[in-house]
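Let me begin by presenting the structure, written as structure tokens, before commenting on it.
All chains are named by letter (A, B, ...) in the order of the sequence lines, taking the proteins before the strands, and each is independently numbered beginning at 1.
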Amino acid sequence: MSGYETPLFDLPKPPAPARQKAGSVLPGLGRPARREAGEGDGQGERGDQPSPTAPPSRSGSGHTSHAPHPPRDLEAMLDGLNPAQREAVVHSGTPLLIVAGAGSGKTRVLTNRIAYLLGERDVHPGEILAITFTNKAAAEMRERVEALIGPRARLMWVSTFHSACVRILRREHEHLGLPSSFTIYDADDSRRLMAQVARDLDLDVKRHPPRGLLAAVSSLKNELVDHESARDAAQSDREALIAEVYGVYQNRLIAARALDFDDLIMTTVNLFQAFPAVAESYHRRFRHVLVDEYQDTNHAQYVLVRELVGPADGEVPPAELCVVGDADQSIYAFRGATIRNILEFEADYPNAKTILLEQNYRSTQTILTAANAVIEKNRGRKPKNLWTDSGAGEQIIGYVADSEHDEAAFVANEVDRLTDEGLAKPGDVAVFYRTNAQSRAFEECFIRVGLPYRVVGGVRFYERKEVKDVLAYLRSLANPDDSVSVKRIINVPKRGIGDRAEAMLDALADRERISFGAAVDRADEAYGLAARSLNAVKGFAALMAGLREKVADGAGPAEVLEAILERTGYLAELQESTDPQDESRAENLQELVAVAHEYESTEGSEGIDGFLERVALVADADQIPGEHEDGLITLMTLHTAKGLEFPVVFLTGLEEGVFPHTRALGNVQELEEERRLAYVGITRARQRLYFSRAVLRSAWGAPAYNPESRFVAEVPKELIEWEREAPAPSSTAFGTQTPQLTASANKQRKTGFKSLGSSGREPISVAPGDRVIHDTYGLGTVVSVEGRTGEHATVDFGSEGVRKLVLAFAPLQKL
DNA sequence: TAGTTCATCCTTTTT
DNA sequence: GGATGAACTA
């Protein structure tokens, strides 16, 4: 994990704010900690010790506020920059908006600007707050500035919105008398909690799935609406329902002493608005606020930035604000981001200066022309025209595959060819797709042909079930009120506490107005709990008490994790299992312990709470995409690709319904967001760009026929050279280009597609006992055949396991 | 209570 | 093909 925080706390503490009524203004933190010191508080607040946070390998303290400046090298900061970039680096005095087209050197401008502030304008590093989109970007920026300016740069604060807010909340709790220890809920935890809320309110889960409720509540949160006012403003039944759900959900969060991802920002904003003195202390401190990827900020983040900058006519002059972004690269509206923030920047900050960076230093003119042509189709955007002086370059190569397997084979062949001809190495190549599920076809193919690859994103380490389970134990220890975590593990591994027992404990918790975790400790008082269940619950309570004792004795996260693995029998269960997957699960848990050890050895580590916070905020995917020197093909979603660049890019799955995604087809806004995603994908390529699609793609079991993506047609024809074009319309009843086959239509015609098979192969028919050979799994024996017309077969591949296959598409041959 | 089978509905994308 | 939930059996 590279997420590394420079402490904010080396500057004088801000004056304690006047005490005001905390109350309802601070959802999520409104309730004082019921438990006194003892649990979770042991580690104390270390914020004020200027803990040395430099990586051990580095030397030099850099902590004195007036350390001698490293040699000033103005030329290094401005060298090679074009006039617009220079202007952006040295601008001062008014808010600054840098509209940076793809590949226009945005990151360089930002880092050089910071270095310029530190080196030329004598700004103290502690006065700088730079907000990036990911932890990885933060780490890189810190590194680059340090390379320019020296170790002094470590004193500045570079982080994501979320990390920054957690820091602020942790720091301010003591002034406000709020609990310092809180649990951060990720999307999965929130969903579980919402499911509970749906049960509380007796909602029809079919009509109101927790996911949907969560999305609705989340958008209210980002608008900074509280549920009271939402209820008052409700126009329709649905709105009223959402407001009610919001209230119950929020109460549950408060009771669990938890904040979800949206709360982190919103609560900080509320804190600033409720306690102006706190807000002022921060904007007194941060004289320079820089925000990267401004087009992806949501309303709450926008307000937070305003609060940090401070009023134009305040007692303290506003901080110097510099935001960077490109409205055409906004791809997170689904998560609440508003392009409005960047489009209206000049209205929000009337004396703002705007600098446009249009010259591209990354791609060939062909690639840029394609990108421009696609993005032009979006309405209501400010015109922008990327250009380069580096020449036209190669044409885009297009390929129409029969199936997703064929598409993967094309990519593999092409990479081989480029490698053989010395035009590129596998490490130069990236394969982009719209959804994570699409990676499988490529992985299978690359494994078969022996191409080295890595998948970025996908199922992340911290999202794996076993890791989340064990972390839930740790969280339950750190915060016994965290009902989502306690419920998650109360019967994992199985110890005979079923739904009924859980319901009885829930009832007890309700009756006594205590948390679920507290009810576990008082299970004796629960009605209707079978003796056997009661014993099991008591056993669980004793287990937790034993572990808690260990925590109280000052054990660090690693030691506690090891105790959890052992005492719960979780690890033993995995080790005894014969399922080969459980082996890797056990390895993941060992890895988690190793991560905890590593965390403990980091200076300034803050015990279990700190470890959990780190785990919640640092996506481990951040560490993966680095330099391309290791010769691996990179596979990732288009969203993950933002901010990266590759010499060779394959844009795959260019089919209506895949990209653009089905869900976006009916909605202009969403379609435009898909188009921006296409724009992002295209502009990642430096020299070579490939478009590919599959005529026939099996999407969730059933095959689907998808016409060409509209984005392909939006690229001028002469830019694309088709290596293989769509086959002539076949004689089947459904033409290849039937526009917009809906999913349901596909389903109805499902059986009809069988005859097409994959890669031209005749579908085979098998019977139990037949010997077959599979491209990936090798030799096997058919165990059984399912489906009315025999479309699935279960085949035993011996050491490769027993697999269920779709006969029409499995690369399977009868012997 | 746990383990099994069956049905359904599904899916974006992520800090 | 996968995850989740409901219904049923041991």
Side-chain angles (χ1 to χ4, degrees), chain A residues 3 131-138 159-166 184-188 190-192 195 205-206 209-212 215 218 222 260-265 292-293 296-298 300-301 330-337 432-438 440-441 456-460 462-463 465 491 493-502 530 532-533 536 616-622 636-642 653 657-665 667 670 673-674 676-678 680-681 698-703 743-744 747 786 791-792 794 803-806 809-810:
Chain A
I131 298 173
T132 57
F133 194 69
T134 63
N135 288 297
K136 177 187 149 248
S159 79
T160 61
F161 274 107
H162 288 87
S163 301
C165 287
V166 169
I184 300 167
Y185 276 5
D186 68 9
D188 182 54
S190 299
R191 215 203 70 244
R192 284 164 181 263
V205 184
K206 288 252 150 51
R211 254 193 135 81
S218 166
N222 286 327
D260 67 20
F261 259 89
D262 298 319
D263 286 335
L264 292 177
I265 311 230
D292 196 5
E293 308 286 13
D296 285 322
T297 51
N298 61 28
Q301 291 165 332
S330 160
I331 53 175
Y332 285 100
F334 71 90
R335 176 170 107 185
F432 298 156
Y433 36 77
R434 179 64 235 274
T435 61
N436 279 308
Q438 286 166 254
R440 188 175 313 148
V456 180
V459 193
R460 277 172 278 258
Y462 291 114
E463 283 167 19
K465 180 182 177 300
N491 200 27
K494 297 253 182 291
R495 47 174 77 91
I497 304 173
D499 293 348
R500 187 176 161 78
E502 192 184 313
R532 192 161 54 133
S533 304
L617 291 175
V618 178
D620 61 321
D622 284 356
M636 61 175 124
T637 65
L638 285 152
H639 283 86
T640 326
K642 188 168 81 159
V658 175
F659 183 36
H661 194 272
T662 336
R663 297 276 296 231
L665 288 180
N667 177 314
E670 289 186 41
E673 177 144 322
E674 298 281 308
R676 289 193 290 270
L677 200 50
V680 168
S698 40
W700 70 90
S744 62
K747 236 172 205 164
E786 293 95 3
E791 54 269 83
H792 297 272
T794 306
R803 309 268 169 179
K804 198 166 176 183
L805 304 167
V806 180
F809 300 99

>> Closest-nucleotide mapping onto DNA chain B: is Ser533(A) or Phe261(A) further toward the 5' terminus? I mean the 5' end.
In response: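 It is Ser533(A) whose nearest nucleotide is closer to the 5' end.
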
Using a heavy-atom cut-off of 4.0 Å across all strands, would you classify [X] as base, sugar-phosphate, or nothing?
| X | answer |
| --- | --- |
| Phe161(A) | nothing |
| Asp186(A) | nothing |
| Arg676(A) | nothing |
| Gln301(A) | nothing |
| Ala664(A) | nothing |

To the nearest Å, how far apart are [X] [atom1] and [N] [atom2]?
| X | N | atom1 | atom2 | answer |
| --- | --- | --- | --- | --- |
| Gln438(A) | dG1(C) | CD | P | 16 Å |
| Asp263(A) | dT15(B) | CG | C1' | 14 Å |
| Glu463(A) | dT14(B) | CD | P | 9 Å |
| Arg440(A) | dG1(C) | CZ | C1' | 7 Å |
| Asp499(A) | dG3(B) | CG | C1' | 13 Å |
| Phe334(A) | dT11(B) | CZ | P | 14 Å |
| His639(A) | dT11(B) | NE2 | P | 16 Å |
| Asn298(A) | dT15(B) | CG | C1' | 10 Å |

>> As a test of reading the structure: which of dT1(B), dT15(B), dT13(B) is closest to the side chain of Thr637(A), going by heavy atoms?
In response: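 For the Thr637(A) side chain, the nearest candidate turns out to be dT13(B).
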
>> Let's see if you can work this out: which of dT11(B), dT15(B), dT1(B) has an atom nearest to the side-chain heavy atoms of Thr160(A)?
In response: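 Within the option list, the nearest is dT15(B).
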
Can you find a side chain N or O atom of [X] that sits less than 4.0 Å from OP1 or OP2 on [N]?
| X | N | value |
| --- | --- | --- |
| Ser698(A) | dG1(C) | no |
| Asn436(A) | dT11(B) | no |
| Thr640(A) | dT14(B) | yes |
| Asn491(A) | dA2(B) | yes |
| Thr662(A) | dT11(B) | no |

> For DNA chain C, what are the stems built from at least three Watson-Crick or G-U pairs in a row, each pair having both distances below 3.5 Å?
Replying inline: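 Consecutive-pair runs (3 or more) involving DNA chain C: B:1-9 with C:2-10.
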
>> Run the ring-ring contact (aromatic ring centres under 6.0 Å, His included) test against His639(A) and tell me which residues pass, sequence neighbours left out.
In response: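 Expected list: Tyr332(A), Phe334(A).
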
> Taking only residues two or more places apart in sequence or in another chain, which ones pass ring-ring contact (aromatic ring centres under 6.0 Å, His included) with Phe659(A)?
Replying inline: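 Result, ring-ring contact (aromatic ring centres under 6.0 Å, His included) vs Phe659(A): Phe711(A).
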
> salt bridge (Lys or Arg N to Asp or Glu O under 4.0 Å) with Arg335(A): which residues, sequence neighbours excluded?
Replying inline: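 By the salt bridge (Lys or Arg N to Asp or Glu O under 4.0 Å) rule, Arg335(A) matches no residue at all.
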
> Hey, is Tyr332(A) doing a stacking thing with dT13(B), by the 5.5 Å centroid and 30° angle criteria?
Replying inline: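 Whether judged by distance or by angle, Tyr332(A) falls short somewhere, so it does not stack on the base of dT13(B).
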
>> Could you go through Leu264(A) and Ile184(A), starting from their C-alpha distance and side-chain angles, then the distance that decides it, and tell me whether this counts as side chain to side chain contact (heavy atoms under 4.5 Å, CB included)?
In response: CA-CA 8 Å; Leu264(A) 292 177; Ile184(A) 300 167; 4.2 Å; yes

> Taking the side chain as C-beta and beyond, is there a heavy-atom pair between Thr297(A) and Ile131(A) under 4.5 Å?
Replying inline: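 No, every pair of side-chain atoms sits at 4.5 Å or beyond.
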
>> Any non-hydrogen side-chain atom of Glu293(A) less than 4.5 Å from a side-chain atom of Thr132(A)?
In response: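 No, every pair of side-chain atoms sits at 4.5 Å or beyond.
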
> Listed by chain and number, what are the side-chain hydrogen bond (donor to acceptor under 3.5 Å, both in side chains) partners of Asn491(A), not counting sequence neighbours?
Replying inline: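 If we apply the side-chain hydrogen bond (donor to acceptor under 3.5 Å, both in side chains) test to Asn491(A), skipping adjacent residues, there are no hits.
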
>> For Asp186(A), give me all partners under side-chain hydrogen bond (donor to acceptor under 3.5 Å, both in side chains), at least two apart in sequence or on another chain.
In response: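 Partners of Asp186(A) under the side-chain hydrogen bond (donor to acceptor under 3.5 Å, both in side chains) test: Lys468(A).
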
